[in-house]
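What follows is a single structure, written as structure tokens, with notes after it.
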Amino acid sequence: MLTTTLIAMTFVAFALAATSVRRIPEGQVYTVRRLGRAPLLLTAGTHVLLPMIDRVAHKIDLGGQVLRFEGGTVYWQVLEPAVADEVIDDAPEFIRTNVVAALRDSGTAHSADRRAVGTQLKHAVNGSLRARGMLVTRVELDAA
């Protein structure tokens with residue numbers, strides 16, 4: 001009986017140890033919440049988390065991201081993960097909505113120079129995105 005209990009406790013201890021080690025790849029940042037407090041940022045490397053106390057809230061990719069919308073493609077990235085953590089789940093829809101609205105409001109939407117219109121859209125959207133820790137790097141419009 002004692003041997004079975006000892007084996008079970010050893011197995012549980014190894015399982016907890018295995019789940020507490022996290023390897024974060026290059027180009028990513030994990031935000032971890034400990035008992036609901038403000039998030040901790042874990043950068044690339046190996047980290048130890050406390051099981052049942054620490055929770056990975058978001059896995060934020062710092063490389064470029066691609067977002068397609070009706071009429072084109074937006075390339076964006078996260079610059080400040082601590083700021084972007086609060087809105088990262090809604091970022092694609094927020095960017096898509098702002099680009100489509102800026103395209104609709106743009107007086108040059110029918111211009112033959114799609115690159116110039118894309119640059120105008122990028123600047124229009126980045127005004128609100130920078131405060132959220134993100135940046136649109138390029139907007140490409142589809143050929144009409």
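- With Leu121 as the partner, the side-chain contact (heavy atoms from CB on, under 4.5 Å) test is satisfied by one option alone out of Asn126, Val139, Val100: Val139.
- With sequence neighbours excluded, no residue forms a salt bridge (charged side-chain N to carboxylate O under 4.0 Å, His left out) with Arg130.
- Under a 4.5 Å side-chain heavy-atom cut-off, the cluster of Ile, Leu, Val, Met, Phe, Trp and Tyr residues that includes Leu79 is completed by Leu135.
- Other residues, nucleotides and ligands contribute more than 12 heavy atoms inside 6.0 Å of the CD atom of Glu93.
- Partners of Glu140 under the salt bridge (charged side-chain N to carboxylate O under 4.0 Å, His left out) rule, at least two apart in sequence or in another chain, are Arg138.
- Side-chain contacts under 4.5 Å among hydrophobic residues (ILVMFWY), followed directly or transitively, place Tyr75 together with Val66.
- Screening Leu40, Leu41, Val56, Thr43 against Tyr30 for a side-chain contact (heavy atoms from CB on, under 4.5 Å) leaves a single residue, Val56.
- Legend: residues meeting side chain to side chain contact (heavy atoms under 4.5 Å, CB included) with Arg33, ordered by chain and number and at least two apart, are Pro39, Arg55, Ala57, Asp85.
- Taking the ring centre of Phe94 as origin, the terminal cationic atom of Arg132 falls inside the region bounded by 6.0 Å and 45° from the ring axis.
- Remark: side-chain polar atoms of Ser20 are not paired, donor with acceptor, to backbone N or O of Pro51 under 3.5 angstrom.
- Atom CD of Glu86 sits in a sparse spot, with 12 or fewer heavy atoms from other residues, nucleotides or ligands closer than 6.0 Å.
- Cluster note: Leu6 groups with no other residue, as no ILVMFWY side-chain heavy atom lies under 4.5 Å from it.
- The CG atom of Leu2 lies 6.5 Å from the OG1 atom of Thr5; values are rounded to the nearest 0.5 Å.
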